[in-house]
Protein chains: 2
Amino acid sequence: MATGRPHRPATRSRGIPEATVARLPLYLRALTALSERSVPTVSSEELAGAAGVNSAKLRKDFSYLGSYGTRGVGYDVEYLVYQISRELGLTQDWPVVIVGIGNLGAALANYGGFASRGFRVVGLIDADPELAGRQVAGLTVLHSDELERVVEENGVSIGVIATPAGAAQQVCDRLVAAGVSSILNFAPSVLAVPDGVDVRKVDLSIELQILAFHEQRKAGENAAALPEPENGEVTPVEPPATAAVTRGRTDREGQPARPDGGPDSDGGTDSAPAVMPA
Amino acid sequence: MATGRPHRPATRSRGIPEATVARLPLYLRALTALSERSVPTVSSEELAGAAGVNSAKLRKDFSYLGSYGTRGVGYDVEYLVYQISRELGLTQDWPVVIVGIGNLGAALANYGGFASRGFRVVGLIDADPELAGRQVAGLTVLHSDELERVVEENGVSIGVIATPAGAAQQVCDRLVAAGVSSILNFAPSVLAVPDGVDVRKVDLSIELQILAFHEQRKAGENAAALPEPENGEVTPVEPPATAAVTRGRTDREGQPARPDGGPDSDGGTDSAPAVMPA
DNA sequence: TGATGTGAACGTCTTCACAGCG
DNA sequence: CGCTGTGAAGACGTTCACATCA
């Protein structure tokens, strides 16, 4: 789950729960697919299947929007597409700037899903003078100096940060100062923003770490009940001996720092700082 | 937030709540930064600030791992880094394959955050014969035919899908058949997987849509209380007249489908299918 | 009759407030 | 004394089960 953090304390937005808002785009995608196949109506059961949720949840979600279904029949696809689009604000045009045109920024600029949903990329910005002037996704990459100008001229309210972690906060500050009030952050850093500015975070590495946690548990179940090193003594989990069959895990280091003695036993740790592609 | 869907019904994993697991990587990052600055201990307050959460939540989270702090003092940085790493399974080495080497796949392959946390990219795979043989991030891109071989030879249990939406399910099926049991999906499609396989989804377009929702609400507050088209009659929200000052929104279409009459009034809709960069 | 819409029950997550310990 | 660790309360989200209505 790319996890986001709405700055105000999870205030229900006009009565629509955050969790529901987060699922509306999912429904919209499924509905759009149906619309293209000219399917006139769907039941909550069918639509829920296509969106990967259960039908009770879907019906409750839709109930927050109003009564858009027909009992005994289902939901009118076209009508629902429009209502959800309107609720999400996709019947408007949202100019967007992307800052940091590395591989990731370029991927975002080329991403078809943006343009098709009311988002229009109006500016690509990078600090590297080498990049300035180059064409990416049909747009000319601009130097960072132009950031404020692009934001103001286009009335941009949504900014995407795809810079290295070190640059993210500074870029964020400039975006906010120029008038941006919603930020999608791909850099692995925590952004501080004033009240009224929304930040959502997408962190590639965090997602993998969550997967690793669950993967580790599966492995633990296959072996005996996993040994619990509750106190300082650490017993590294022995990988099951069956080599080729068991999914590959190879233990690395084995020495933790101890909480009591002076924690200066071992100088620096191994891990490099998490840095974005650039 | 990029949202994930653990397949089993949100079972607490060995007593650690999912929400806590999702935050551990955040804490780990903040702790690693402190560790590099050779800070020996942190209070829950400081660490919470660095991670962007409140301190009560952080303490509760850590309490699920055990009592790793010292009252009146705080937490030993090195020790906590190790404990969280172990809990997340990052003291092991996780071989990973990335399928779909477009801009996004290349960005992922180059992403420093992977390698530094126990994740090792062992295979880059793409269906395009043109790409096969090219070097990306120091690895040779392999053709899809090699998928099963790479997964089996390296004991890969985590796969990343960065293909277009249309290819995602097929790639997923092959990964699972070859032995992968955790999947990070960047394609905008709902994946069906057998029990025991975890899927996490990162959807760039969904994140933007959620931002747009909140952005729209901010705009609505600035104007009068937003008009509620509760019944079929739709009143498109008039954008505030102040042009340059108000953040840019320009209305597009205005005609919704009606729920009662035959829904065949207007053939196809405008929006193109959401497709990944390739 | 068959599907929606929704109160009510349940489970999970967050926050509070303070006991307890170094 | 200061900070952790945690019961308890409250907010939020999900699921159930069924009244309701086209």
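Letters A, B, ... are given to chains in the order of the sequence lines, protein chains preceding strands, and every chain is numbered from 1. This structure is a prediction, so every number in the text was calculated from the model and none was measured.
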dT15(C) phosphate, OP1 or OP2, under 4.0 Å from Asn54(B) side-chain N/O: yes
Ser63(B), nearest nucleotide to its side chain (from dT14(D), dG5(D), dT15(C)): dG5(D)
Ring-ring centroid check Tyr68(A) Tyr79(A), cutoff 6.0 Å: yes
Spatial distance of atom OH (Tyr27(B)) from atom CG (Leu80(B)) [nearest 0.5 Å]: 10.5 Å
Ser35(A) (side chain) donor-acceptor with Leu31(A) (main chain) under 3.5 angstrom: no
Whole angstrom value for the distance that separates P of dA3(C) from OH of Tyr68(A): 23 Å
Side-chain donor or acceptor of Lys201(B) paired with backbone N/O of Ser189(B) under 3.5 Å: no
Glu45(A) CD - dT15(D) P separation (whole Å): 13 Å
Protein-nucleotide distance (Glu18(A), atom CD; dC13(C), atom C1'), rounded to Å: 15 Å
Any Tyr75(B) side-chain nitrogen or oxygen under 4.0 Å from OP1 or OP2 of dG5(D): yes
Distance, rounded to the nearest Å, where Leu24(A) contributes CG and dG13(D) contributes P: 13 Å
dT6(C) phosphate, OP1 or OP2, under 4.0 Å from Lys60(A) side-chain N/O: no
Full working for side chain to side chain donor-acceptor pair (under 3.5 Å) between Asp198(B) and Ser182(B): CA-CA 5 Å; Asp198(B) 280 334; Ser182(B) 287; 4.6 Å; no
Expected output: side-chain Glu207(A) to main-chain Arg200(B) donor-acceptor under 3.5 Å: no
Donor-acceptor pair, side chain of Gln169(A) and main chain of Ala192(A), under 3.5 angstrom: yes
Integer-rounded Å distance: dT4(D) P and Leu58(B) CG: 8 Å
Touch class at under 4.0 angstrom, heavy-atom based, for Phe62(A) against every strand present: nothing
Per Ala19(A) side chain, nearest of listed nucleotides dT14(D), dT4(D), dG5(C): dT14(D)
Between protein and nucleotides 17-22 of chain C, what N or O pairs are separated by less than 3.5 Å?
unit_1	atom_1	unit_2	atom_2	d
dG20(C)	N3	Arg71(B)	NH1	3.2

Atom-to-atom span, CG of Leu47(B) to P of dC3(D) - whole angstrom: 14 Å
Length of the OH-C1' vector between Tyr64(B) and dT12(C), whole Å: 9 Å
Separation of atom CG in Asp61(B) from atom C1' in dT14(C), rounded to whole Å: 10 Å
